[in-house]
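Beneath this line is the structure, given in C-alpha cells, with notes to follow.
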Amino acid sequence: MRIIYPVEPQCWWEIARACPYATFFHTPLWTELACRVNCMVRDRTIAAIFPNGTRAVLPLLEIRRFGPFASLMST
C-alpha cells in the first residue's frame with residue numbers, strides 16, 4: 001500500500017466521482033470549507049493506493065488542542 005500526503009484535489013475528485021455513493025461531504029470542498037470557517041483546523045487528508053490498484057481517501061482534519069498536541073478528526 002502506498003500512502004499519499006498531501007492529497008492533490010484532482011486525485012481526490014477522481015476518487016469521489018468514481019464512487020457511486022459519494023456525496024458533497026466526501027469531496028475536498030467540504031474539507032476546504034471546514035478549514036476556511038475554523039482557523040483552528042487544518043487539512044490532514046491522506047490517500048492510499050492498494051496493491052490491487054484500488055484508491056481510497058481518508059479525509060482528516062487536525063484540531064489543535066494544547067500546545068504541540070493535536071488530534072485528528074475524520075470528516
Side-chain angles (χ1 to χ4, degrees):
M1 175 172 61
R2 188 177 74 151
I3 300 296
I4 301 168
Y5 178 82
V7 180
E8 294 294 325
Q10 180 180 350
C11 174
W12 190 343
W13 276 111
E14 288 172 5
I15 294 169
R17 285 185 180 123
C19 179
Y21 55 84
T23 68
F24 170 77
F25 303 103
H26 298 101
T27 70
L29 287 178
W30 179 242
T31 298
E32 182 182 338
L33 179 64
C35 291
R36 286 185 184 206
V37 170
N38 186 347
C39 65
M40 297 298 288
V41 299
R42 290 190 210 170
D43 181 13
R44 293 294 184 243
T45 299
I46 61 171
I49 301 175
F50 296 93
N52 68 357
T54 301
R55 300 182 305 165
V57 173
L58 180 57
L60 296 170
L61 292 175
E62 176 187 285
I63 304 170
R64 291 186 181 216
R65 297 285 182 184
F66 302 102
F69 300 103
S71 62
L72 294 176
M73 177 176 65
S74 174
T75 63

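Rounding to the nearest 0.5 Å places CG of L72 at 11.0 Å from OG1 of T75. Interatomic distance, N38 CG to L33 CG, rounded to the nearest 0.5 Å: 10.5 Å. Of the inter-residue distances, the one linking I15 atom CD1 with H26 atom NE2 reads 12.5 Å to the nearest 0.5 angstrom. Annotation: the span from R44 atom CZ to T31 atom OG1 amounts to 12.5 Å, rounded to 0.5 Å.
Listed by first and then second residue, the ring-ring contact (aromatic ring centres under 6.0 Å, His included) pairs involving residues 29-62 are F24-W30, F25-W30 (not counting sequence neighbours). Among pairs with a residue in residues 46-60, those fulfilling side chain to side chain donor-acceptor pair (under 3.5 Å) read E14-R55, N52-T54, at least two apart in sequence or across chains.
Side-chain contact between L29 and W13: present, with at least one pair of heavy atoms (C-beta onward) separated by less than 4.5 Å.
Looking at every heavy atom in both residues, C35 comes nearest to V41 through CA-CG2, 3.8 Å. Across all their heavy atoms, Y5 and T45 have their closest contact at CD1-O, 3.2 Å. When all heavy atoms are compared, the tightest approach of S74 to L60 is CA-CD2, 3.9 Å. Here the closest heavy-atom approach between residue P9 and residue P28 is recorded as O-CG, 4.2 Å.
Membership of the apolar cluster around I4 extends to I49, as traced through chained side-chain contacts below 4.5 Å between ILVMFWY residues.
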